[in-house]
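Structure record follows, encoded as structure tokens.
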Amino acid sequence: MNRVVIAILLMVSTLATVDAAGGLIHIWDGTGVGSHKVTLEAFPVAGGGNKVAVIVCPGGSYSWLDYDTEGTAVARWLNANGITAFVLRYRVQGVLQFITHSRAVFGGNKHPNQIQDAQMALLWVRSHAADYAISTDRIGIMGFSAGGHLAMMAAEMWRTDFLAPLGIDISGVSLRPDFAVPVYPVVSMADKCTHRRSRRALLGEGGQRNHELRDSLSLERHVDADCPPVFLVNCADDPVVKCRNSELLDSALTAHGIVHRYIQYSTGGHGFGASDTKGTAECRQWKREFIDWIASLFND
């Protein structure tokens with residue numbers, strides 16, 4: 001790999017592993033399982049705002065996290081619109097493992113670690129809703145790129161309790177997010193449009209050749225009638241995650257009659273998050289469209 005690319009990846013990884021100052025919730029602490037490195041960073045709105053909460057999943061090919069542009073910057077934008085946010089630092093492959101393929105020998109993070117982190121985050125936020133003056137039936141999950149794949153996994157696979165094998169008792173708390181927001185998401189692990197770096201990171205060095213596993217994590221194949229409402233955004237000129245990913249998901253949501261809004265912008269590329277400068281003026285319209293959609297979803 002080009003040395004410049006490696007240097008950039010290492011820099012991103014460093015940013016993603018530095019604890020933010022205060023406000024961190026170590027959701028696995030005291031359980032005897034999971035990872036202390038998995039955190040939720042809370043961005044509350046005084047008085048609960050519109051009572052809506054969003055768990056934010058930054059992207060990064062399941063190998064690192066773009067914690068700023070697709071994490072804290074998103075949370076602050078949501079706050080400005082009356083929405084309480086929780087940025088999830090979930091388990092990823094890691095840059096060293098990405099470069100060296102060392103998981104083949106030493107093991108490491110892979111499926112189902114990520115969905116376990118997402119379900120634990122949903123369990124924690126819903127169980128602590130009163131502390132943040134948010135409604136237990138207005139808790140959604142938003143993700144970008146690989147984080148969008150994770151958000152949709154949480155939306156589609158909520159009936160599968162990935163926490164039960166770890167001995168976590170959900171005590172009747174629903175793991176179903178009330179809405180999902182995948183933004184330029186990775187979707188398929190089986191179609192030709194798959195984002196191969198994300199697939200290898202999620203499935204593991206051996207798992208990427210497991211066709212049954214690839215099928216089970218291809219989100220366009222697992223939408224059902226119980227999927228929550230979805231707000232889906234991507235750009236036709238995305239050079240990283242092919243636009244067919246979102247098109248496949250939109251088709252599946254439509255086929256199953258799921259309430260959803262799909263916007264495909266012509267320009268904007270990939271990785272713009274909630275930035276006021278990245279991408280294009282066209283794609284940055286998604287933020288206003290989302291706020292309007294949430295208001296209509298809950299009739300506010």
Side-chain angles (χ1 to χ4, degrees), residues 52 54-55 57 59 62 111-112 114-115 118-119 122 137-162 174-196 198-199 202-203 207-208 210-238 240-266 268 270 283 285-286 289-299:
V52 175
V54 174
I55 296 169
C57 304
Y62 281 126
H111 178 72
Q114 296 85 357
I115 186 61
Q119 288 195 338
L122 282 159
D137 59 356
R138 293 190 174 196
I139 298 171
I141 187 165
M142 174 184 291
F144 301 81
S145 195
H149 184 273
L150 180 56
M152 276 309 299
M153 265 206 294
E156 292 182 11
M157 302 179 185
W158 62 273
R159 287 190 179 278
T160 300
D161 184 354
F162 289 94
S174 176
L175 296 175
R176 182 182 185 269
D178 295 301
F179 58 91
V181 187
V183 182
Y184 44 83
V186 173
V187 172
S188 185
M189 296 287 158
D191 192 88
K192 291 181 180 179
C193 69
T194 189
H195 187 243
R196 295 179 183 274
S198 294
R199 184 171 69 186
L202 181 63
L203 277 59
Q208 61 182 326
N210 183 327
H211 289 275
E212 182 178 355
L213 183 59
R214 284 162 56 165
D215 176 80
S216 72
L217 298 176
S218 291
L219 303 179
E220 76 278 15
R221 301 182 179 186
H222 298 285
V223 175
D224 64 22
D226 292 322
C227 181
V230 174
F231 184 89
L232 170 64
V233 175
N234 80 316
C235 298
D237 67 347
D238 191 328
V240 179
V241 176
K242 295 178 181 178
C243 63
R244 178 169 168 78
N245 280 268
S246 290
E247 292 165 358
L248 286 171
L249 181 56
D250 171 55
S251 294
L253 292 168
T254 300
H256 288 83
I258 303 303
V259 173
H260 74 290
R261 175 86 189 277
Y262 175 41
I263 306 175
Q264 183 180 96
Y265 296 108
S266 297
H270 191 87
C283 76
Q285 295 178 74
W286 85 268
E289 295 285 355
F290 167 72
I291 297 302
D292 291 345
W293 182 78
I294 277 291
S296 66
L297 186 65
F298 297 116
N299 298 314

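Numbers here are sequence positions counted from 1.
A 4.5 Å side-chain heavy-atom check between His222 and Leu217 finds every atom pair outside the cut-off. Contact annotation: the side chain of Leu297 approaches that of Phe179 to within less than 4.5 Å [non-hydrogen atoms, C-beta and beyond]. With contacts defined as side-chain heavy-atom distances shorter than 4.5 Å, the pair Phe144/Pro185 does not qualify. The side-chain heavy atoms of Val181 and Ile141, taken from C-beta on, include no pair separated by under 4.5 Å. By the 4.5 Å heavy-atom criterion applied to side chains, Met152 and Val187 are not counted as neighbours. Between Cys243 and Gln264 the shortest side-chain heavy-atom distance falls below 4.5 Å. Considering only heavy atoms from C-beta on, Ile263 stays 4.5 Å or farther from Trp286 through its side chain. Leu202 places a side-chain heavy atom less than 4.5 Å from the side chain of Gln114.
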task: Mind running side-chain hydrogen bond (donor to acceptor under 3.5 Å, both in side chains) on Asn234 and Tyr265 for me, showing each step along the way?
output: CA-CA 6 Å; Asn234 80 316; Tyr265 296 108; over 6 Å; no
message: Walk me through whether Phe231 and Ile294 qualify under side-chain contact (heavy atoms from CB on, under 4.5 Å).
response: CA-CA 9 Å; Phe231 184 89; Ile294 277 291; over 6 Å; no
- request: Decide yes or no on side-chain contact (heavy atoms from CB on, under 4.5 Å) for Arg261 and Leu232, but give the supporting numbers first.
  value: CA-CA 6 Å; Arg261 175 86 189 277; Leu232 170 64; over 6 Å; no
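In terms of the side-chain hydrogen bond (donor to acceptor under 3.5 Å, both in side chains) criterion, Arg196 has no residue partners (sequence neighbours excluded). Scanning for side chain to side chain contact (heavy atoms under 4.5 Å, CB included) contacts around Arg221 gives Ala190, Asp215, Ser218, with sequence neighbours left out. Taking Trp158 as the reference, nothing meets the ring-ring contact (aromatic ring centres under 6.0 Å, His included) condition, with sequence neighbours excluded. Every residue two or more places apart in sequence or in another chain was checked for a side-chain hydrogen bond (donor to acceptor under 3.5 Å, both in side chains) with Ser246, and none qualifies. For His270, the ring-ring contact (aromatic ring centres under 6.0 Å, His included) partners are Tyr184, not counting sequence neighbours. Evaluation of the side-chain hydrogen bond (donor to acceptor under 3.5 Å, both in side chains) rule for Gln119 yields no partner, not counting sequence neighbours.
Considering all non-hydrogen atoms of both residues, Ser188 and Cys193 come closest at CB-SG, 4.2 Å. Closest non-hydrogen pair, Asp137 versus Asp178, comes out as C-OD2, 2.9 Å. Residues Pro177 and Ala155 approach most closely at CG-CA, 3.8 Å, considering heavy atoms. For the pair Ala146 and Val186, the tightest heavy-atom approach, listed with the atom from each and the gap, is N-CG2, 3.9 Å. Pairing each heavy atom of Val240 with each of His195, the nearest pair is O-CD2, 3.3 Å.
Panel note: side chain Asp191, backbone Thr194; no donor-acceptor pair is recorded below 3.5 Å. In this structure a side-chain-to-backbone donor-acceptor pair under 3.5 Å is present from His256 to Val223.
Here Arg176 contributes atom CZ and Met157 contributes atom CE; the two are 15.5 Å apart, rounded to the nearest 0.5 Å. Note that the CE atom of Met153 and the OG1 atom of Thr160 stand 11.5 Å from one another [nearest 0.5 Å]. To the nearest 0.5 Å, atoms CG (Asn210) and OG (Ser216) are separated by 7.5 Å. The structure places CD of Glu156 at 10.0 Å from CD1 of Ile115, a figure rounded to the nearest 0.5 Å. A distance of 9.0 Å separates OG of Ser145 from CG of Asn245, quoted to the nearest 0.5 Å. With rounding to the nearest 0.5 angstrom, the CG atom of Leu213 is 9.5 Å from the CE atom of Met189.
For the residue pair Tyr62 / His111, no side-chain donor-acceptor distance below 3.5 Å is found, with atom types taken as modelled.
Each of Leu249, Asp250, Asp226, Leu253 was scored for a side chain to side chain contact (heavy atoms under 4.5 Å, CB included) with Ile258, with one residue passing: Leu253.
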